Amino acid sequence: THNLPPGLEYLNQLDQIIIHQQVELLEAILGTETSSKYEIKNALGQRVYFAVEENGCFDRKLCAPLRAFTIRIADMAGREVIRVIRPLRCNSCCFPCFLQELEVQSPPGTIAGYVVQNWDPFLPKFTIQNESKEDVLKIIGPCATCGCFEDVDFEVKALNEMTTIGKISKYWSGFVNNVFTNTANFGIQVPVDLDVRIKAVMIGACFLIDLMFFENSLDGL
């Protein structure tokens with residue numbers, strides 16, 4: 001563990017990561033979009049990290065789910081351990097040359113890996129890459145991401161797309177919670193022995209999936 005990026009030692013023990021969006025009172029009452037804040041927890045519900053999205057009100061209002069952002073993830077001591085950077089890019093299958101790409105750094109300033117969207121006419125597809133931009137894993141979502149009162153699973157697969165090793169799930173959390181707060185709850189399941197840097201990249205992939213498919217969808221309704 002002495003070779004792990006500082007702050008990621010705890011991920012070395014986890015095969016399940018829960019991401020829960022915190023809803024600001026002003027946003028819940030008035031529907032005013034504020035900077036997103038998240039709790040990142042283990043399977044027992046214990047908080048491991050917390051995350052804050054950084055961007056301007058103009059970006060959130062004008063660009064909505066396409067917006068560029070930086071998400072800073074800190075440990076319980078307040079030390080930033082992961083930085084997720086998303087540039088402003090296209091979110092349409094009509095522009096396959098300018099699809100989504102997200103960079104994950106850990107520690108901040110050092111590349112841990114990338115999430116790259118792959119063009120497909122029917123399914124949401126992404127490739128997880130390491131710091132050298134070598135392909136490591138695939139993520140394949142369902143043809144319809146509208147959950148309709150059930151969880152939505154994006155399968156994590158080996159590069160041959162035949163073997164499933166985990167998943168990113170958008171959890172259904174109830175009509176009242178979804179419609180009136182539009183909160184996000186996700187779970188990441190991966191092998192416990194997966195490189196912690198790739199686990200950090202999977203957290204970044206979860207944020208990207210949330211914005212691309214659930215930001216303006218009332219979370220699956």
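It should be emphasised that the depicted structure is a prediction, and the values quoted were computed from it without experimental measurement. Computation of the quantities below employed the complete heavy-atom set of this structure, encompassing side-chain atoms and omitting hydrogens, waters and symmetry-equivalent molecules. In this chain, numbering begins with 1 at the start of the sequence shown.
- Separation of atoms CD1 (Ile209) and CZ (Phe186) is listed at 7.0 Å; rounding is to 0.5 Å.
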**OP:** Please lay out, stage by stage, how Thr127 and Asn118 fare under the test side chain to side chain donor-acceptor pair (under 3.5 Å).
**Re:** CA-CA 7 Å; Thr127 298; Asn118 305 128; 2.7 Å; yes
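- Defined by atom type and a distance below 3.5 Å, a donor-acceptor pair is missing between the side-chain atoms of Tyr10 and Asp75.
- One distance of note links CD1 of Ile17 with CD1 of Ile188; it measures 5.0 Å at 0.5 Å rounding.
- Going from atom CD1 of Ile140 over to atom CD1 of Ile168 covers 12.5 Å, rounded to the nearest 0.5 Å.
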**OP:** List the steps, then state whether side chain to side chain contact (heavy atoms under 4.5 Å, CB included) holds for Asn42 with Gln16.
**Re:** CA-CA 6 Å; Asn42 61 19; Gln16 185 172 4; over 6 Å; no
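- For the 3.5 Å distance criterion, the side chains of Asp153 and Ser169 qualify, holding a donor opposite an acceptor.
- Checked against the 6.0 Å centroid threshold, Phe207 and Tyr38 count as a close aromatic pair.
- Partners of Glu155 according to the side-chain hydrogen bond (donor to acceptor under 3.5 Å, both in side chains) rule, which considers only residues two or more places apart in sequence or in another chain, are Lys157.
- Distance check: Ile203 CD1 to Leu208 CG gives 14.0 Å after rounding to the nearest 0.5 Å.
- The only member of Thr70, Ile111, Thr110 that meets side chain to side chain contact (heavy atoms under 4.5 Å, CB included) when paired with Gln105 is Ile111.
- Looking at Glu9, its side chain does come within 3.5 Å of a backbone N or O of Gly7 through a donor-acceptor pair.
- Here Arg72 pairs with Glu54, Glu80 under the salt bridge (Lys or Arg N to Asp or Glu O under 4.0 Å) rule; sequence neighbours left out.
- Remark: Leu8 CG to Ser106 OG distance equals 3.5 Å, nearest 0.5 Å.
- The pair Glu103-Arg83 fails the salt-bridge criterion, with no side-chain N (NZ, NE, NH1 or NH2) lying under 4.0 Å from an Asp/Glu carboxylate O.
- Screening residues 131-144 for salt bridge (Lys or Arg N to Asp or Glu O under 4.0 Å), with sequence neighbours left out, gives Glu101-Lys133.
- Scanning all heavy atoms of the two residues, the minimum distance from Pro142 to Leu123 falls at C-CD2, 3.9 Å.
- Going from atom CD of Gln100 over to atom CG of Leu211 covers 9.0 Å, rounded to the nearest 0.5 Å.
- For Asp15, there are no side-chain hydrogen bond (donor to acceptor under 3.5 Å, both in side chains) partners at least two apart in sequence or on another chain.
- Of the listed residues (Val115, Val190, Val104, Leu11), just one forms a side chain to side chain contact (heavy atoms under 4.5 Å, CB included) with Met202, and that residue is Val190.
- Checked against ring-ring contact (aromatic ring centres under 6.0 Å, His included), Tyr49 has no partners two or more places apart in sequence or in another chain.
- The salt bridge (Lys or Arg N to Asp or Glu O under 4.0 Å) test applied to Glu39 returns Lys41, Arg47, not counting sequence neighbours.
- Aromatic ring orientation, Phe154 versus Phe213: tilted (interplanar angle from 30° to 60°).
- Looking at Lys199, its side chain does come within 3.5 Å of a backbone N or O of Val192 through a donor-acceptor pair.
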